[in-house]
Each structure stands twice: as C-alpha cells, then as structure tokens.
Amino acid sequence: MLSWMAWTGPTAMVFVGLFSAMGVLTVLEVLYPGGNERKGILGLTTTRGDRLFLTCLGTSFIFLGWLGLVGMPLWAPLGIAICWGIFCFWKV
C-alpha cells in the first residue's frame, strides 16, 4: 500500500514530527485562539504557524547546506536546526 515511497525509519520520523507539531499547534489554537501574534526581531508580525513554517524552512536549508558542503554525519546540523527552532519561536 505504501510502496510508492521508500519509507525508512528517519523518513517516518520526519513526517511524524511534522504532523505532531501541527497537532500541537491545533490544540494551542483551540485553547488560546488568535495565533499569539507578535512582532519579532525580523520586523515581521508572525503567528505560531508562521514561526513553525520559518523553522521548517530554515531547518531544510540547514540540512541541505550541510549535506552539500560537509556531508555526513548529520548530528551537527541537527543541533543547529534545534537552536534555529528555539530562536524562531523565541525571537521571530
């Protein structure tokens, strides 16, 4: 049934993580409506969903850049991506 994609453990973890993050944001939106808008360090007015999108986009660029410039292993870009996510939700 799912043979159209080469499902591996890391691939499944990425999708589970993305859908879990969207689920958490949905629950937060139900409990605290309005998206928690604020103006951050970049001068943009963002909501929780915008910050999640910026985190995912930045994480993709971090991993692709690391793979292109350095290669394997991917533990260092994972740490950088986690720091990027914390920064996005804290300051952006």
Side-chain angles (χ1 to χ4, degrees):
M1 182 175 137
L2 295 175
S3 62
W4 58 271
M5 184 172 174
W7 286 99
T8 62
T11 304
M13 286 176 21
V14 166
F15 280 97
V16 167
L18 282 172
F19 288 120
S20 297
M22 289 189 294
V24 167
L25 288 180
T26 301
V27 169
L28 285 174
E29 185 63 29
V30 169
L31 296 176
Y32 309 104
N36 193 18
E37 286 189 3
R38 66 174 184 234
K39 192 168 196 168
I41 196 169
L42 298 176
L44 303 170
T45 301
T46 59
T47 63
R48 287 184 290 257
D50 297 332
R51 292 188 288 276
L52 177 65
F53 176 75
L54 289 172
T55 299
C56 291
L57 191 64
T59 298
S60 299
F61 284 125
I62 289 167
F63 275 99
L64 288 174
W66 187 274
L67 282 171
L69 297 173
V70 178
M72 300 291 278
L74 297 177
W75 293 110
L78 177 63
I80 296 168
I82 290 171
C83 291
W84 170 249
I86 292 169
F87 172 78
C88 278
F89 274 89
W90 185 34
K91 291 288 186 182
V92 174

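Computed over heavy atoms, backbone and side chain alike; hydrogens, waters and symmetry mates excluded. Predicted, not measured: the structure shown is a model, and the values here were computed from it.
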Residues Met72, Leu67; criterion side chain to side chain contact (heavy atoms under 4.5 Å, CB included); working and verdict: CA-CA 7 Å; Met72 300 291 278; Leu67 282 171; 4.0 Å; yes

Check whether any side-chain heavy atom of Asp50 lies under 4.5 Å from a side-chain heavy atom of Thr45, and answer yes or no. no

Taking the side chain as every heavy atom from C-beta outward, state whether Trp66 and Phe63 have any pair of such atoms under 4.5 Å apart. no

With rounding to the nearest 0.5 angstrom, report the OG1 to CG distance, Thr47 to Leu28. 12.0 Å

To the nearest 0.5 Å, what is the distance between CD1 (Ile86) and NZ (Lys91)? 13.5 Å

Give the cluster check for Trp90 versus Leu52: same hydrophobic cluster or not, with ILVMFWY residues linked at side-chain heavy-atom distances below 4.5 Å. no

Members besides Phe61 in its Ile/Leu/Val/Met/Phe/Trp/Tyr cluster (side-chain heavy atoms under 4.5 Å): Phe53, Leu57

Linking I/L/V/M/F/W/Y whenever any side-chain heavy atoms sit under 4.5 Å apart, do Leu74 and Ile80 land together? yes

Within the side chain of Thr11, is there an N or O that forms a donor-acceptor pair under 3.5 Å with the backbone of Trp7? no

Is there a chain of hydrophobic side chains (I, L, V, M, F, W, Y, each step under 4.5 Å between heavy atoms) that links Trp75 to Leu64? no

Determine whether Thr55 and Phe87 make a side-chain contact, defined as any pair of heavy atoms from C-beta on separated by less than 4.5 Å. no

Honestly curious: do Val14 and Phe19 fall in one hydrophobic cluster under the side-chain, below-4.5 Å linking rule? no

Straight-line distance of Leu54 CG to Leu44 CG, nearest 0.5 Å: 7.5 Å

One should read off an interatomic distance between Thr46 OG1 and Arg51 CZ, to the nearest 0.5 angstrom, of 4.0 Å

Any link between Ile62 and Leu42 through a network of hydrophobic side chains (Ile, Leu, Val, Met, Phe, Trp, Tyr) touching at under 4.5 Å? yes

